[in-house]
Each structure stands twice: as structure tokens, then as C-alpha cells.
2 protein chains.
Amino acid sequence: MSNAPIRPSDGELAILRVLWNRGPSTVRDVLTELSKDRDMGYTTVMKLMQIMVVKGLVVRDESARTHIYQAAQEEERTQSFLLKELMDKAFDGSAASLVMRAISSTKADERELAEIQAFLKRLRKERS
Amino acid sequence: MSNAPIRPSDGELAILRVLWNRGPSTVRDVLTELSKDRDMGYTTVMKLMQIMVVKGLVVRDESARTHIYQAAQEEERTQSFLLKELMDKAFDGSAASLVMRAISSTKADERELAEIQAFLKRLRKERS
DNA sequence: TGACATCTGCGAATGAGTTCGTAATCTGAT
DNA sequence: ATCAGATTACGAACTCATTCGCAGATGTCA
């Protein structure tokens, strides 16, 4: 296989998020979703998605007149990739310091903290 | 104050890391350090650092012939900023899901997991 | 069928980030 | 004083991401 994940740009990542949440979608679908946040033209989104096809970030079903796009990479895979990247670039490669910074500086509420702790316990048990 | 942190580019971040680790440094110092990883020319680093002065990412002591550069933003502050950014762009703004992904997908060893758990416990106690 | 809307493909313009060549300036040693 | 080496400043070139205008093709509906 050896399919290393491909680094999506910011705009590409926004589109991928829509595809992950909605499943297979048309350009119009994605545009409608993205328009809630920023204001962009149809052809802008179109162009980005075309580029993403070439890069292999999405796959396209061209059988119908209106093409259907689908994410080609797992959301988890991409998230892990981006985290690893940030870890290397800004945390000297230390997962622990990244996680601790995330916990303490972002406003994770008590419920989230408890969730994280439970997750951590489970993971440690599994690994032991 | 209202000094929102400034988004450093990748190259700028690499330089900031050197300044955070070494403290005030010259262009040559930074170049020497960066050369361990990638291969870049003196003027390339120089140019980047000049731009960073203009942006306010670093401050420069010009009293001597050879200027001394220093990071103008705290490392923590920048790390938090970048984490928040990634959280919004790739984790739908959820700190918990980012943290759990980071814990499970990067190879944090048992020692790191224990460290995180201790940190988490302390934080929850503080907040309660 | 004809008018109209929608979709795709193409190409160009813009801007940010990066890299480096060149010139000017300064320092220190001989 | 002068020369070699190091440093700074300036600007050009290049890539990549982003945005959009325009043309051509296709579908819809009166």
C-alpha cells in the first residue's frame, strides 16, 4: 500500500470536513455548507475539488451529469497526520507536552476532562 | 494589551523554536542549528528573520554590528494558538477529541501516559 | 424547439511564503 | 592602511494556495 496521507491545505481541509460529515456530496452541497461560514464562489470550490481529485484527496463519481465527490482519506488518518505534524513542528516531537498544553490551555470543561481521563485509563489497561 | 498572537509560518516557527531553546541568538547561531535538519543558505534565514522583525515575531538588538534576535512571543502562547487553530480546522472545535486522538494515535509510551494522567488529576483537583 | 439555469473545465490573477544572488557595510588582523 | 571575511539590506524569482471569470456542454421546462 504505502499510501502516506497527503497534506491537505486549509481550504482542502474545510472541504474534507464537509465530505466526512455529509458523506458523498456534489460541489453545490459543499458550497452550501461552506457558505455558512465564509463567502466563496461556486467555481472556487469547484476548482479546489478538482485539484483534490488530482492529488488523490477525494474520489469522483462521474457517471451522472453532476459529479459526486467523496473523501479518499479517513478522517482519523488525517487528524493523526496533522497532529503528528504539529507535534514535530511546535512541540519538539513530544506527544505528552502537546497533550498537556491542549488540556490546560483550551477551555476543556470538567465533563471533557473526565472523558479524557476515562479514555486514558482504558488505554493504559489495554496496553498493560 | 489586546496582542493577539501572530501566526508564524512553518519557516518562522522553526526559527522561533531555536530562539526559545537557545535564548537570544544571532543569524549564524540559528543557521547552524537549523542546518542540522535541512540545508539552507545564510541569507535565507536572514531574510526570514528580517520579516519576523517587521511582523513582530522577534525583537532585534542592533546595538552591536552583529544583531541579536530574540523571540517576542512566549512559546506557550504560540503552542496554544496553534493547537486552537488545529482544533477548529480539523476537530470541529472539540478539545477532547483532539486530545484523545493525540493520545491514541501517536506513540506515547507508558511513561508519557502516566505523566499525562498525573497532570490531568492535578488539574481536575485544582479546578474543583 | 428555444430560453434559461446549472455544471464542468480551463486559464489567469493574486498573494503569501521561501529561497537565494548581489551589493554595500563593518570588523579585525596583518 | 588595507585586505579578507562576515554581516546586513535589497530585491528578484519561484512555488503553492486561493479566487474567479469565461466558455462550452448539458439538462429543464414552457
Side-chain angles (χ1 to χ4, degrees), chain A residues 5-19 24-70 73 78 81-82 85-86 89-90, chain B residues 5-19 24-70 73 78 81-82 85-86 89-90:
Chain A
I6 301 155
R7 171 95 182 69
S9 70
D10 282 4
E12 290 166 349
L13 186 55
I15 291 173
L16 281 177
R17 268 214 344 231
V18 175
L19 295 180
S25 308
T26 66
V27 172
R28 171 84 37 207
D29 293 332
V30 173
L31 173 65
T32 303
E33 192 63 27
L34 289 184
S35 295
K36 292 176 184 171
D37 295 327
R38 8 179 185 160
D39 195 37
M40 34 191 348
Y42 181 93
T43 53
T44 302
V45 178
M46 173 84 221
K47 182 65 165 185
L48 264 182
M49 293 174 79
Q50 279 176 353
I51 292 172
M52 292 170 79
V53 170
V54 176
K55 285 192 186 175
L57 280 168
V58 300
V59 291
R60 176 170 57 182
D61 176 359
E62 312 183 12
S63 60
R65 151 94 166 127
T66 302
H67 300 172
I68 308 287
Y69 295 78
Q70 193 172 352
Q73 282 184 122
T78 304
F81 177 75
L82 294 174
E85 190 183 56
L86 182 59
K89 285 194 304 190
Chain B
I6 302 157
R7 171 98 180 67
S9 68
D10 282 4
E12 290 167 348
L13 187 55
I15 290 174
L16 280 178
R17 261 203 1 220
V18 175
L19 294 180
S25 308
T26 67
V27 173
R28 173 115 351 239
D29 292 333
V30 173
L31 172 66
T32 302
E33 193 61 26
L34 290 183
S35 293
K36 292 176 185 171
D37 296 326
R38 12 179 183 157
D39 196 35
M40 35 190 350
Y42 181 93
T43 54
T44 301
V45 178
M46 173 84 220
K47 181 65 166 185
L48 263 183
M49 292 174 80
Q50 280 176 353
I51 292 172
M52 293 170 79
V53 170
V54 176
K55 285 192 185 175
L57 280 168
V58 300
V59 291
R60 175 170 58 180
D61 176 359
E62 309 183 10
S63 60
R65 153 87 170 130
T66 302
H67 301 174
I68 308 289
Y69 294 78
Q70 193 172 351
Q73 279 186 125
T78 304
F81 177 75
L82 294 174
E85 191 183 57
L86 182 58
K89 287 194 304 190

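Numbered from 1 within each chain, the chains take letters A, B, ... in sequence-line order.
- Going from atom NE2 of A:His67 over to atom CZ of A:Arg65 covers 8.0 Å, rounded to the nearest 0.5 Å.
- The two residues B:Tyr69 and B:Leu19 come nearest to each other via the heavy atoms O-CD2, 3.8 Å.
- Listed candidates were D:dT7, D:dA17, C:dT8. Nearest to the side chain of A:Thr66 is C:dT8.
- The nearest whole Å value for the distance from the CD1 atom in B:Ile51 to the C1' atom in D:dC10 is 12 Å.
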- Reading nucleotides 20-30 of chain C 5' to 3', which nucleotides get B (base under 4.0 Å from a protein heavy atom), which S (sugar-phosphate only), which -? BBB--BBS---
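- OP1 and OP2 of C:dT6 both lie 4.0 Å or more from every side-chain N or O belonging to A:Arg28.
- When distances run from any side-chain atom of A:Gln50 to the nucleotides C:dC10, C:dT18, D:dT8, the shortest one goes to C:dC10.
- When rounded to the nearest whole Å, the span between CE of A:Met49 and C1' of D:dA17 equals 17 Å.
- Side chains of A:Asp29 and A:Thr26: a donor on one and an acceptor on the other come within 3.5 Å.
- Residue B:Met52 comes nearest to B:Leu16 through the heavy atom pair CE-CG, 3.7 Å, listed as atom of the first residue, atom of the second, then distance.
- D:dT7 atom P lies 15 Å from atom CZ of B:Arg60, rounded to whole Å.
- Side-chain contact between A:Pro8 and A:Leu13 is present, with at least one heavy-atom pair separated by less than 4.5 Å.
- Note: CD (A:Glu62) to P (C:dC7) measures 16 Å, nearest angstrom.
- Looking at heavy atoms from C-beta onward, B:Gln50 lies out of side-chain contact with B:Val53 at the 4.5 angstrom threshold.
- Atoms CD1 (B:Ile68) and P (D:dT7) sit 11 Å apart, rounded to a whole Å.
- Taking atom CG of A:Leu31 as the reference point, atom P of C:dT6 lies 12 Å away to the nearest angstrom.
- Using a 4.5 Å heavy-atom cutoff, the side chains of A:Arg7 and A:Leu82 are in contact.
- Heavy-atom minimum distance, B:Val30 versus B:Ser25: CG2-CB, 4.2 Å.
- One interatomic measurement links the two molecules: CG of A:Leu57 to P of D:dT18, which rounds to 11 Å at whole-angstrom precision.
- Sorted by residue number, the members of residues 7-14 of chain B with any non-hydrogen atom under 4.0 Å from DNA chain C read B:Ser9, B:Asp10, B:Gly11.
- Taking atom CG on A:Leu48 and atom C1' on C:dC7, their separation rounds to 17 Å, with Å as the unit.
- The shortest side-chain heavy-atom distance between B:Gln70 and B:Asp61 does not fall under the 4.5 Å cut-off.
- Side-chain nitrogen and oxygen atoms of B:Tyr42 include at least one within less than 4.0 Å of the OP1 or OP2 phosphate oxygen of D:dT8.
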